[in-house]
Amino acid sequence: MTIQTTQPQFRLEQKRKITGDFPGPKSTELNARRAAVVAKGVASAVPVYVADADGGIVHDVDGNSFIDLGAGIAVTSVGASDPAVVGAVKEQVEHFTHTCFMVTPYEGYIAVAEKLNAITPGDFEKRTVLFNSGAEAVENAVKVARLATGRNAVVAFDHAYHGRTNLTMALTAKTMPYKANFGPFAPEVYRIPMSYPFREENPSITGAEAAQRAITMMEKQIGADSLAAIIIEPIQGEGGFIVPAEGFLPAIADWARENGVVFIADEVQSGFCRTGEWFAVNHEGVVPDIITMAKGIAGGMPLSAITGRADLFDAVHPGGLGGTYGGNPVACAAAIAAIGTMEEQDLAGRARHIEEIVTTRLRAVQADLGSHSVIGEVRGRGAMLAIELVVPGTNTPHAEATKAIAASCLQEGVIILTCGTYGNVIRLLPPLVIGDELLNDGLDVLEAAIRAVT
Ligand code: PLZ
């Protein structure tokens, strides 16, 4: 059977255009106003201000058009102004913008829960709760796991990123800029080694062996009886787009199940077709007890969710979970529309297509540049792709080259994000609706920038 999918229609011309120096005069003025009033603790990767955005294009206030290879950190997978999302939001705001689901509930919340229960892995009965941000979802997943198990300890991995609130800072690995001097941190959080194939001391270690290394540490240093939950990003995001070796995730999930430990997959960044499946755990058939979601879920509207085993959620007393804005009706309408677009346009298939275009091109550059290359590894899944940069001929992280490449891409009108514990990873997170031509134009710029630093 062939699946009929629709093609996206764009409002803005899908074309890169740089008018001259930038930041241009209007952005420069906004940067000055900003410096006077906005705390410098909130940093922006790009020094220009947005006037409009659609599909794979971002327009700034000075008439420049950038190719968006970041999608607002994997949020606008359906594009920044998907007509279905825009229409659903307009329709909802004309009726009511908020009542608070904990006061006077509405159908949209239930519809989102039904959809999430259906598309997340696992054929058991599920429950869903909605929140506003990824960090809030993670906090609440841990709350549910602790209450349901009656245990306290939580395990997180090296290179993990789970948010900026107090508990999620504790779960996050990297100190600068996320944690430094923001403590004290929440207790009973333990960190264990990840499977990071490119940086293993023993490069031939298998996923199962890396999992055993982690399991031994959990058994010796914490004890399964004290452990409420293991939280893991199936592909680590901020930490460097690290894809664990095959077999690692299933072995950790199996051990958790055998020991009554709640296995939480943090799919805030990797979820919603980003990796070419609804969720990154689908690639290895891993079924989490609880899955945390945000970012791509609602086409840019702030919404997050936790979905998981009904028996865990049903342990929580009425009133134990919630929040004023959680599952806001406008955000719920946007989520239903965004998930609809993902289905209608087969955006998981698009993500796999993007993977093929990008990895084919980047691996060709890597092969062409050979051992003199700054490209240490090209990795990732779907449209969650990365290049880890190294000092040529070594595996020493090359953060300067990473910064230089991102900066020169920006000069040419391509928005590129970086990440990684060592600041040496270029990550590509294009909107899944981006057209091949625009994507290839962006990759031409990236390729030239890589060759220029080599
Ligand atoms: N879990 C896996 O990727 C957010 C953060 C950028 P919030 N990642 C981008 C920054 O510097 O703040 C993220 C994530 C994973 C949780 C979160 C947190 O999601 O919506 O930012 O709270």
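All values reported here derive from a predicted model rather than from experimental measurement. Ligands are counted one by one from 1 in listed order, and the atoms in each one are counted from 1 as well.
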Using atom types as modelled, flag every donor-acceptor pair under 3.5 Å from a side chain in residues 246-256 to any protein atom, sequence neighbours excluded.
unit_1, atom_1, unit_2, atom_2, d
Asp254, OD1, Arg257, NH1, 3.1
Trp255, NE1, Glu219, OE2, 3.0

N/O donor to acceptor pairs below 3.5 angstrom from side-chain atoms of residues 229-237, sequence neighbours left out:
unit_1, atom_1, unit_2, atom_2, d
Glu233, OE1, Gly237, N, 2.9
Glu233, OE2, Tyr161, N, 2.8
Gln236, NE2, Asp158, O, 2.9

What pairs of donor and acceptor atoms, side-chain ones from residues 399-419 against any protein atom, are under 3.5 angstrom apart with sequence neighbours left out?
unit_1, atom_1, unit_2, atom_2, d
Glu400, OE1, His398, ND1, 3.4
Thr402, OG1, His398, O, 2.7
Ser408, OG, Ile405, O, 3.4

Identify the protein atoms, limited to N or O, that lie within less than 3.5 Å of an N or O atom of ligand 1, and list each pair with its distance to 0.1 Å.
unit_1, atom_1, unit_2, atom_2, d
ligand 1, 1 (N), Asp266, OD1, 3.3
ligand 1, 1 (N), Asp266, OD2, 2.7
ligand 1, 3 (O), Gln269, NE2, 2.9
ligand 1, 8 (N), Glu238, OE2, 3.4
ligand 1, 8 (N), Lys295, NZ, 3.1
ligand 1, 11 (O), Arg164, NH2, 2.7
ligand 1, 12 (O), Tyr161, OH, 3.2
ligand 1, 12 (O), Arg164, NE, 2.7
ligand 1, 12 (O), Arg164, NH2, 3.3
ligand 1, 20 (O), Gly134, N, 2.8
ligand 1, 22 (O), Gly134, N, 3.4
ligand 1, 22 (O), Ala135, N, 2.8

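Taking the centre of each ring, Tyr106 and Phe96 come in below the 6.0 Å mark.
Checked for salt-bridge contact, Glu136 and Lys143 miss the test: no charged N lies under 4.0 Å from a carboxylate O. A salt bridge does not link Arg381 with Glu277: none of the charged nitrogens is closer than 4.0 Å to a carboxylate oxygen.
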